[in-house]
Each structure stands twice: as C-alpha cells, then as structure tokens.
Amino acid sequence: MMFKSSILIPVILMMCFVVLSCAGISGPARYEPESGGGPMVLMISGQTGPMLYAEFARRLAGSGYLVLLFGGKDLPLDKPDVCRSMIREIIKKKSRSSLGKSEKAAVLGYSLGGAVALSCAAGMAEEVAAIIAYYPATRLIPDLDACVEGFRVPIIVFQGEDDRYLNCCSVEKIREINQAAKEKGRHFELTVYPGAGHGFNLGPLKNKELDAETWQKTIDALQRYLPLPAK
C-alpha cells in the first residue's frame with residue numbers, strides 16, 4: 001500500500017539540500033559500463049545536487065549505459081539557448097570519444113533536472129533520443145507555452161499525485177502540459193501515482209515498489225529510444 005509522502009519526503013529533501021550545499025558537492029560525474037562504452041544518458045539531478053542520484057547513475061551504468069551525472073544547477077534553466085548549447089557540446093564530445101556508441105543521448109532529469117530536460121533538451125531532436133523526467137519542477141520553467149511548442153522528442157514523465165513540495169511540481173501543472181502536448185500532436189507519456197509525493201524514489205523513506213516500477217519503465221523507454229548495441 002502506498003504511503004503518504006507529501007510531508008515527510010520534502011522535509012528530508014530540504015535537510016539533504018542544506019547538508020549537500022554546505023559540502024559543496026557538484027557534478028558532473030562519469031559512470032561507465034563494464035564494456036567501457038555504450039549509449040549515453042545525460043542525468044540531471046534535483047536542487048539537492050548529484051549525491052542523492054549517484055545510485056541511479058550506477059544502476060544505469062550497470063545496465064550498459066554511459067552516464068554523465070550533472071547537478072540541476074549546472075545547466076542554466078533561465079537561459080534556454082545557453083543551456084541547449086551546453087547540452088549539445090556535451091553530446092558532441094561524447095560522440096567524438098571512442099566510448100561513444102550512438103550520436104544521440106537520452107536525458108533523464110529529476111525535479112529541477114526534469115525542468116531543465118523539458119525546457120532545454122526536449123526540442124533537440126538531432127542530439128536527443130528521448131526525455132525521461134521524474135516529478136519535474138514545472139513552476140521553474142520560464143515560458144511553459146514556448147516549452148510545449150518546442151517539444152520535438154518523445155517525453156516520458158513520472159509524477160506523484162500528492163506532490164506539494166514548495167509548489168514546484170504539482171500534478172495539476174504537469175497534466176496541463178500533457179494536455180497541451182497531446183493537442184499539438186507531441187509524443188508525451190504521463191504516469192501519475194496516487195498517494196505519492198515529491199521524491200518518491202529518494203532517501204530513507206523511498207517507496208520501494210514505486211522505485212522498482214518506475215525504474216523498469218525507465219529502462220524500457222531507454223531500450224525503445226536508445227537501445228543498447230547487440231552483443
């Protein structure tokens with residue numbers, strides 16, 4: 001049975017934010033699969049910084065993907081053109097590397113990182129294979145109408161229905177975006193989880209059932225849009 005995390009999870013995340021900010025932790029960090037190379041996933045953390053998301057990066061690397069983990073604040077959400085240029089250069093460097101197996105990358109973002117993915121990367125069809133966003137901070141996107149208008153790649157979003165964390169990531173707003181995207185014929189897949197709050201797969205109170213379910217859906221989406229090379 002799903003627990004109510006709308007109060008406890010935000011408190012824990014805020015405590016982590018204070019601790020990690022004081023520690024000065026920042027990205028990017030590189031996680032390589034055992035094979036030494038594979039399709040690249042650009043992973044972008046929430047405002048708490050990369051540490052809470054290292055587990056996810058290691059999981060993806062274990063699945064065969066080359067992962068670059070950035071802090072959500074490393075990419076300027078308020079300057080979409082600059083943000084896109086940075087993402088483009090990151091992907092170009094990877095494709096020139098001997099580790100590169102694909103000219104495109106997937107972008108996986110959490111909270112603030114999800115907002116960066118939707119606002120900056122979702123229109124980059126030449127460089128980005130797909131966007132996967134967990135509880136994106138839609139309130140922080142400078143121009144939502146322009147953002148939706150610019151969607152050009154498949155987008156998959158996982159959202160807690162009880163998310164009230166700082167009013168940044170409400171289910172109402174992501175449903176509006178989903179409706180607008182569908183009306184414009186964009187590929188947008190939204191899954192809403194009743195009873196789940198912000199960061200439902202993070203920290204000591206993570207919902208293990210939801211974590212497992214959304215992670216499998218993440219792997220399935222990556223295999224659809226950025227498949228691993230045949231062995």
Closest approach of Leu228 to Ser63 (non-hydrogen atoms, all atoms of both residues): CD1-O, 3.1 Å

Side-chain touch Cys169/Ile174, heavy atoms, less than 4.5 angstrom: no

Backbone of Phe151 reached by a side-chain donor or acceptor of Arg186 within 3.5 Å: yes

Interatomic distance, Met51 atom CE to Leu69 atom CG [nearest 0.5 angstrom]: 11.0 Å

Between SG on residue Cys120 and CD1 on residue Ile44, distance to nearest 0.5 Å: 7.5 Å

Note, Leu190 side chain near Arg175 side chain (heavy atom, < 4.5 Å): yes

Closest non-hydrogen atom pair, Ala129 against Leu226: CB-CD1, 4.0 Å

Lys/Arg-Asp/Glu bridge criterion (N-O < 4.0 Å) met for Arg164, Glu172: yes

Distance-minimising heavy-atom pair for Pro229 and Pro39: CD-CD, 3.8 Å

Euclidean distance, Ser119 OG relative to Asp143 CG, rounded to 0.5 Å: 8.5 Å

Taking every non-hydrogen atom, the tightest pair across Trp215 and Phe56: CH2-O, 3.5 Å

Side chain to side chain contact (heavy atoms under 4.5 Å, CB included) assessment of Met124 paired with Arg152: CA-CA 7 Å; Met124 301 176 62; Arg152 294 293 184 275; over 6 Å; no

Glu126 CD: over 12 foreign heavy atoms closer than 6.0 Å: no

Side chain proximity check, Met40 to Val67, heavy atoms < 4.5 angstrom: no

Set of side-chain hydrogen bond (donor to acceptor under 3.5 Å, both in side chains) partners for Glu183, sequence neighbours left out: Gln179

Point-to-point distance, once rounded to the nearest 0.5 Å, from CE of Met86 to CG of Leu42: 10.0 Å

Over all atoms of both residues, closest heavy-atom pair of Ser111 and Gly46: CB-CA, 4.2 Å

Heavy-atom check, side chain of Leu77 versus side chain of Cys83, under 4.5 Å: no

Main-chain N/O of Gly160 paired to Asp163 side chain as donor or acceptor, under 3.5 Å: no

Salt bridge flag under 4.0 Å for residues Glu189 and Lys217: no

Side chain proximity check, Ile156 to Thr218, heavy atoms < 4.5 angstrom: no

Sole candidate of Ile131, Val153, Ile155 that passes side chain to side chain contact (heavy atoms under 4.5 Å, CB included) when paired with Val107: Ile131

Flag, side chain of Lys182 to backbone of Phe188, donor-acceptor distance under 3.5 Å: yes

N-O pairing of Glu176 and Lys173 below 4.0 Å: yes

Full working for side chain to side chain contact (heavy atoms under 4.5 Å, CB included) between Leu222 and Leu108: CA-CA 10 Å; Leu222 288 174; Leu108 173 56; 5.8 Å; no

Geometric class of the Phe200/Tyr134 ring pair [parallel <30°, tilted 30-60°, perpendicular >60°]: tilted

Plane angle bin for Tyr165 and His198 - parallel if under 30°, tilted between 30 and 60°, otherwise perpendicular: parallel

Glu89 CD to Ile91 CD1 distance, which is reported to the nearest 0.5 Å: 10.5 Å

Spatial distance of atom CG (Leu202) from atom OG1 (Thr48) [nearest 0.5 Å]: 7.0 Å

Stepwise side chain to side chain contact (heavy atoms under 4.5 Å, CB included) test for Thr191 and Val157: CA-CA 6 Å; Thr191 304; Val157 177; over 6 Å; no

Modelled atom types, side-chain donor and acceptor of Tyr135 and Asn201, under 3.5 Å: yes

Any donor-acceptor N/O pair, Tyr65 side chain to Ala106 backbone, under 3.5 Å: no

Arg84 vs Asp81 side-chain heavy atoms within contact, under 4.5 Å: yes

Test side chain to side chain contact (heavy atoms under 4.5 Å, CB included) applied to Leu66 and Val41, step by step: CA-CA 6 Å; Leu66 170 63; Val41 175; over 6 Å; no

Phe158 side chain reached by Ile132 side chain, heavy atoms, under 4.5 Å: yes

Any Asp145 side-chain heavy atom under 4.5 Å of Glu149 side chain: no

Ser45 side chain to Gly72 backbone, donor-acceptor under 3.5 Å: yes

Test: Lys104 and Glu127 ion pair at under 4.0 Å: no

Cationic N near anionic O, under 4.0 Å, Glu213 to Lys208: no

